[in-house]
Amino acid sequence: MRLREEVQTVSRAPQLTDAAHAATRIGVAAGILRDKMGRILLAERRGDASFPGLWEFPGGKIGAAESVEAALLRELREELGIEISAFKHLLSVDHDYGDRCVRLYFYMVTGWRGELRGVLGQHLRWVSLNEMDATELLPADVAVIDALRRL
């Protein structure tokens, strides 16, 4: 089955000017990992991050001189202690949080080496797609549920 790229824009706050958006746009690479039973890995946001207690797909900010793919490899190594070996772009999402606009690049990660663990102290859990609750996820991550259900 071929994965297709989609872009969704969700507005959660009054629109900033184009110049303000350009200054506050953040790129994020995120991985969607599935285990042998088809469950999906979620990571809990720690108390020192924005939206503490919500769950997200693991990943993080893309560095200034870094490709999206390099950021994905680095972030999953830093957060989960794994080396990913196979991944494919699923979708991209633009989300306006009011104080910043985020472009998230979601990748299906189908191969990795190492033992998954919350390297930064974050809790991890495996959930089935049916168990995934949009109210527990970061707002920008909710679009992934529909994309995964269409696969």
Side-chain angles (χ1 to χ4, degrees), residues 1-13 24-64 66-151:
M1 177 175 288
R2 183 172 175 221
L3 301 178
R4 60 184 195 152
E5 181 176 335
E6 296 183 16
V7 177
Q8 177 180 342
T9 303
V10 180
S11 178
R12 305 290 266 179
T24 58
R25 186 172 307 276
I26 299 167
V28 172
I32 302 165
L33 287 77
R34 278 193 148 152
D35 68 6
K36 292 179 179 164
M37 297 184 327
R39 298 175 304 172
I40 298 162
L41 183 71
L42 295 176
E44 187 176 25
R45 292 186 59 86
R46 296 175 304 150
D48 60 346
S50 56
F51 301 100
L54 289 182
W55 293 84
E56 65 182 347
F57 300 99
K61 293 179 186 173
I62 301 166
E66 192 173 40
S67 71
V68 177
E69 292 81 8
L72 180 69
L73 294 168
R74 178 185 51 76
E75 285 289 341
L76 295 187
R77 183 181 332 104
E78 291 174 359
E79 288 189 14
L80 303 177
I82 61 171
E83 296 294 330
I84 63 174
S85 56
F87 55 93
K88 182 169 178 74
H89 185 256
L90 174 64
L91 78 150
S92 297
V93 175
D94 287 330
H95 189 84
D96 187 342
Y97 281 104
D99 61 338
R100 66 196 178 282
C101 186
V102 179
R103 169 155 293 165
L104 294 107
Y105 301 90
F106 292 99
Y107 285 81
M108 292 297 302
V109 177
T110 55
W112 65 86
R113 291 180 306 281
E115 186 176 334
L116 283 164
R117 65 190 190 286
V119 173
L120 304 175
Q122 74 277 35
H123 294 109
L124 303 175
R125 71 178 185 178
W126 293 98
V127 298
S128 72
L129 193 52
N130 292 334
E131 295 173 321
M132 208 172 279
D133 182 353
T135 64
E136 294 181 338
L137 290 176
L138 276 178
D141 288 7
V142 172
V144 174
I145 297 172
D146 289 335
L148 289 171
R149 286 186 175 140
R150 286 193 301 268
L151 290 179

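Position 1 is the first residue of the sequence, and the numbers go up from there.
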Does the side chain of L41 come within less than 4.5 Å of V109's, by heavy atoms? no

Sort and list the pairs that fulfil side-chain hydrogen bond (donor to acceptor under 3.5 Å, both in side chains) and have at least one residue in residues 132-142, not counting sequence neighbours. R125-E136, D133-T135

Closest approach of A29 to I62 (non-hydrogen atoms, all atoms of both residues): N-CG1, 3.9 Å

Among all residues two or more places apart in sequence or in another chain, which pass the side chain to side chain contact (heavy atoms under 4.5 Å, CB included) test with R45? A49, S50, F51, E56, L138

Of all residues at least two apart in sequence or in a different chain, which pass the side chain to side chain contact (heavy atoms under 4.5 Å, CB included) check with A140? H95, Y97, L104

Please, which pairs that meet side-chain hydrogen bond (donor to acceptor under 3.5 Å, both in side chains) have at least one residue in residues 67-76, sequence neighbours excluded? E66-R74, E69-Y107, R74-E78

Do E79 and V119 touch side chain to side chain, with heavy atoms closer than 4.5 Å? no

Least distance between heavy atoms, W55 atom then H123 atom: CZ3-O, 3.5 Å

Which residues pass the side chain to side chain donor-acceptor pair (under 3.5 Å) test with Q122, not counting sequence neighbours? none

Could you walk me through whether V144 and L91 pass the side chain to side chain contact (heavy atoms under 4.5 Å, CB included) test, one step at a time? CA-CA 8 Å; V144 174; L91 78 150; 4.1 Å; yes

Spacing of C101 atom SG and I26 atom CD1 [to the nearest 0.5 Å]: 9.0 Å

For the student: nearest non-hydrogen atoms of L137 and L42, plus distance: CD2-CD2, 3.9 Å

Counting N and O atoms only, with roles assigned by atom type, does the side chain of E131 sit under 3.5 Å from a partner on the main chain of S128, one being a donor and the other an acceptor? yes

Taking the side chain as every heavy atom from C-beta outward, state whether S85 and R113 have any atom pair closer than 4.5 Å. yes

Results of side chain to side chain contact (heavy atoms under 4.5 Å, CB included) for L73 - residues two or more places apart only: R77, I84, F87

Give the minimum heavy-atom separation between A30 and F57, together with the two atoms involved. CB-O, 4.0 Å

Taken to the nearest 0.5 Å, the spacing of I32 CD1 from L148 CG works out to 5.0 Å

Where V142 and A134 come nearest, the two heavy atoms and their spacing: CG2-O, 3.7 Å

Can you list every pair that meets salt bridge (charged side-chain N to carboxylate O under 4.0 Å, His left out) and has a residue in residues 28-44, with sequence neighbours left out? D35-R39

Measuring from atom CG of L33 to atom CH2 of W126, what distance do you get when rounded to the nearest 0.5 angstrom? 5.5 Å

Output the distance between atom CG (L76) and atom CG (L116), rounded to the nearest 0.5 Å. 9.0 Å

Atom CD1 in I40, atom CE in M132: separation rounded to 0.5 Å? 3.5 Å

